[in-house]
There are 2 protein chains.
Amino acid sequence: MSDPRAEPRRRGAYAKGVARRQEILDRAIEVFAERGSDRTSLRAIASAVGVTHAALTHYFGSLEELLIAVYLASGDADGEREPPSDDLTPVGMMIESARTNREVPGLVQLYSSLIATALEEGHPAAKEFATTRFARLREELASRIAAQQASGLIRGDVPADAVAALVIAASDGLQTQWLLDDAAPQHEALAALELMLRGSASRAPSGGDGAQ
Amino acid sequence: MSDPRAEPRRRGAYAKGVARRQEILDRAIEVFAERGSDRTSLRAIASAVGVTHAALTHYFGSLEELLIAVYLASGDADGEREPPSDDLTPVGMMIESARTNREVPGLVQLYSSLIATALEEGHPAAKEFATTRFARLREELASRIAAQQASGLIRGDVPADAVAALVIAASDGLQTQWLLDDAAPQHEALAALELMLRGSASRAPSGGDGAQ
DNA sequence: GTCTATACGTCGATAGAC
DNA sequence: GTCTATCGACGTATAGAC
């Protein structure tokens, strides 16, 4: 659990404030990991962290932004960040991510709640979080998929960006289904998707006919 | 907690009460269809319906149960109920459902919020709603898929229940992606899934080699 | 700059009057 | 059966202590 926090902080915040903010954030992450995303009131988090609820708004502006920060920082801390090999399929990445999420179910709860908030009107911070997350993920996955289509690893008769959106949607949806009911065939569904994506319609990786 | 009538209302309610409840429910559905799932406080709904918020809890027990009732009744009213032909693929059903949902975006918001609530602890009504919905949908879809695998319409090398979970997850996830960003390739992703499910690995529906 | 103390308006829920 | 009254908890905003 190393902690290389060289995160670029906006504007002229000073070391003391940044450190304190990070300290509060780390503690909040622990709270979420332990107790799930229940008790997610400003006052409850504040008392767990050891400050008053006003201090949280001082550093994070609003509950919504605090929750977003917690989610983002949790993902970073979990080492969810990328050194995946080029041959790892998108579905493989999903499985990896789902496995770490399974160990900290509170984060999936939190994620689901953030998405629901983003869908409502009048929550610009949550909306921007969700929109940029999906856009970035789709872009990342699509280019990876396109490369794997070119190498024949993934079938070439489906558009890369559509497959990216599909894989993300399936990952999100299956996690919630599994969280609600252990009997949901999450792993089998991912395996099926993996199988169906296999480069069955393409030749050996010799010809450059992959995409389209 | 210590409330003795934790159980939902038994079927012994009288005609007058039932009619009034339905009246309130219908009005609440209109409110959601018009204004989305914002302003979803008991007081806001009550004032739109023309009663006080205490009256709503009298008929529905809690805000959570009212929201569930609104969602369920909206689905029924939309004619989302099934007379789909046996040849309609699961993905086709998703597209159909997504099209009606697109006309009433408030319902997707509401659905997403209900799922997020169900994932938290201490919300048994929402949890039961979500769990039974997914279980029923998976069961329905799986048997339909198995039949179409036997007839060669869907490839037979993937387990029917896994495909069912996958299709539901993809449908849910793609709808939220699209709702957040019109540029999300919802339709293309569904088309890709449809294509990949096609019975490419199976022969003509003569031999009984289809499923498993 | 940090943080506490305090206050405001709204929320879901409940008790009791009519 | 429906209202009024009230409760505790919530998110937010602000004043001022360090």
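As the structure is a prediction and not an experimental result, all values here were calculated from the model. So you know, we letter chains A, B, ... as the sequences are listed, proteins then strands, and number each from 1.
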Enquirer: Mapping B/Ile24 and B/His53 to their closest nucleotides on DNA chain D, which lands nearer the 5' end?
Expert: B/Ile24
Enquirer: For A/Thr89 and A/Glu194, which I'm curious about, is there any donor-acceptor pair between the side chains at under 3.5 Å?
Expert: yes
Enquirer: Over all strands shown, is B/Leu42 touching base, sugar-phosphate only, or nothing at heavy-atom distances under 4.0 angstrom?
Expert: sugar-phosphate
Enquirer: In whole angstroms, how far is the C1' atom of D/dA13 from the CG atom of A/Leu63?
Expert: 15 Å
Enquirer: Among the nucleotides D/dC10, C/dA5, C/dT2, which one has an atom lying closest to any side-chain atom of A/Thr52?
Expert: C/dA5
Enquirer: Whole angstrom is fine here: how far is it from CG in B/Leu67 over to P in C/dC11?
Expert: 14 Å
Enquirer: Do B/Arg20 side-chain and D/dG1 base share a donor-acceptor contact under 3.5 Å?
Expert: no
Enquirer: Round to a whole Å and report the spacing from CG of B/Leu56 to C1' of C/dC11.
Expert: 14 Å
Enquirer: Give the rounded distance in Å between these two atoms: CZ of A/Arg39 and P of D/dA9.
Expert: 11 Å
Enquirer: Indicate, with a heavy-atom threshold strictly under 4.0 Å, whether A/Ala55 touches base, sugar-phosphate, or nothing.
Expert: base
Enquirer: Should B/Glu30 and B/Arg27 count as an ion pair when the cut-off is N to O under 4.0 Å?
Expert: yes
Enquirer: Can you check whether B/Ala165's main-chain N or O pairs, donor with acceptor, with A/Gln177's side chain at less than 3.5 Å?
Expert: yes
Enquirer: Between D/dT12 atom P and A/Glu64 atom CD, what is the distance in whole Å?
Expert: 8 Å
Enquirer: Quick one: A/Phe60 CZ to D/dG11 P, roughly how many Å, whole number?
Expert: 15 Å
Enquirer: Does OP1 or OP2 of D/dC10 have a side-chain N or O of A/Ser41 closer than 4.0 Å?
Expert: yes
Enquirer: Which nucleotide in the list C/dT14, D/dC3, C/dT6 gets nearest to the side chain of B/Thr57?
Expert: C/dT14
Enquirer: Could you grab the distance from atom CD1 of A/Ile168 to atom CZ of A/Arg133, nearest 0.5 Å is fine?
Expert: 7.5 Å
Enquirer: Is the shortest side-chain N to carboxylate O distance from B/Arg20 to B/Glu23 below 4.0 Å?
Expert: yes
Enquirer: Between A/His58 and C/dT2, does any side-chain N or O lie under 4.0 Å from OP1 or OP2?
Expert: yes
Enquirer: Looking only at the side chain of B/Arg43 (C-beta and beyond, no hydrogens), which of the listed nucleotides C/dT14, D/dT6, D/dC3 gets closest?
Expert: D/dT6
Enquirer: I want to verify a distance call: between C/dT4, D/dT4, D/dT12, whose nearest atom is closest to the B/Ala54 side chain?
Expert: D/dT4
